[in-house]
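Notes for the one structure printed next.
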Amino acid sequence: GAGVSQSPSNKVTEKGKDVELRCDPISGHTALYWYRQRLGQGLEFLIYFQGNSAPDKSGLPSDRFSAERTGESVSTLTIQRTQQEDSAVYLCASTTGHGQPQHFGDGTRLSIL
Amino acid sequence: GIQVEQSPPDLILQEGANSTLRCNFSDSVNNLQWFHQNPWGQLINLFYIPSGTKQNGRLSATTVATERYSLLYISSSQTTDSGVYFCAVLFGNEKLTFGTGTRLTIIP
C-alpha cells in the first residue's frame with residue numbers, strides 16, 4: 001500500500017503475556033519511529049530507527065520494551081510481561097530522512113486485561 | 001527538553017465559524033508539523049511548516065520561527081473538522097515532540 005501499515009489494528013491480551021506489534025513503513029522511507037498514546041493524551045516518543053540501527057532508544061519506558069528493524073523495512077515492537085499500564089495506542093511513523101515530514105500509520109490499540 | 005504548549009485546550013464552535021489554534025515552543029526548531037487526529041484515532045498530516053505560511057483549502061498555517069510560535073487557521077468549519085489538533089516540533093535530533101493538543105468540536 002501507499003501508506004504506513006500497522007498490525008494488528010487491535011490486540012487484547014492478559015496481563016503477563018508478551019505481545020508483538022508490527023509496522024510496515026512507506027517504501028523507500030529510511031527512518032522509522034514508534035510512539036505511544038495513552039487515552040486522552042498526546043504522543044510519547046519511544047524509539048527511532050535510521051536504517052536498521054536505533055540511535056535513540058531513550059523513550060522506551062522499561063526493559064520490557066524492545067524493538068528491532070530488519071532490511072530497512074518492517075519493524076516490530078515487543079512488550080514482554082505486559083502490565084495494565086501498557087494499554088495504549090502504539091503508533092508508527094516513517095519519513096524519508098532527517099527533518100522531513102513524518103507519516104503515521106493507523107496504530108495498534110493494545111488493551112491489557 | 002523542549003516544551004510545546006497548545007491553546008486553547010478545548011474549543012467548541014458552530015458549523016461555519018472560523019478558528020485559530022496556537023502552538024508555542026520553547027526553543028529553535030528544525031521542523032514543525034500540524035496533525036489532525038480524527039475521532040477514529042487516525043493521525044492526518046496537515047502541514048509541514050518550519051517557517052512561513054502555507055494554505056490547503058480551508059486550512060492555513062503560519063510559523064514565526066524567530067518568535068517560537070505557529071498558528072493553524074480553520075475557516076468555515078465543518079463537522080468533519082472535529083477531533084484533536086496536534087502541533088509537533090523537531091528539535092536537534094529526530095525526536096518529534098508533541099503538544100498536548102486542542103480538542104475541536106464542531107456543532108451542526
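Below, each value reflects all heavy atoms present in this structure, side chains not excepted, and no hydrogens, waters or symmetry copies. Sequence lines set the chain letters: A, B, ... in the order given, protein chains first and strands last, and positions in each chain run from 1.
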Is it the case that over 12 heavy atoms from other parts of the model lie below 6.0 angstrom from the [atom1] atom of [X]?
X      : atom1 : value
A/L113 : CG    : yes
B/Q78  : CD    : yes
A/E14  : CD    : no
B/R68  : CZ    : yes
B/R103 : CZ    : no

Point to revise | Between CD on residue A/Q102 and OH on residue B/Y48, distance to nearest 0.5 Å | key: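 Atom-to-atom, A/Q102:CD and B/Y48:OH are 10.5 Å apart.
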Review point. Side chain, backbone, both or neither: which part of A/Q37 has a heavy atom under 4.5 Å from chain B?
Key: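 For A/Q37, the contact with chain B is made by the side chain alone.
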Check your understanding: With B/L96, which of A/F45, A/Y35, A/Y48 fulfils side-chain contact (heavy atoms from CB on, under 4.5 Å)?
Key ->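 Testing B/L96 for a side-chain contact (heavy atoms from CB on, under 4.5 Å) against A/F45, A/Y35, A/Y48 leaves exactly one candidate, A/Y35.
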Check your understanding: When you look at A/F104 and B/Q42, which way does the side-chain contact (heavy atoms from CB on, under 4.5 Å) test go after all the steps?
Key -> CA-CA 8 Å; A/F104 282 80; B/Q42 295 172 316; over 6 Å; no
Check your understanding: If only atom types and distance count, is the side chain of A/D106 paired as donor or acceptor with the main-chain N or O of B/G41 below 3.5 Å?
Key ->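 Absent.
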Exercise for review: Measure distances from B/F35 to the heavy atoms of chain A and classify the residue's part below 4.5 Å as side chain, backbone, both or neither.
Suggested key: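 For B/F35, the side chain is the part near chain A, not the backbone.
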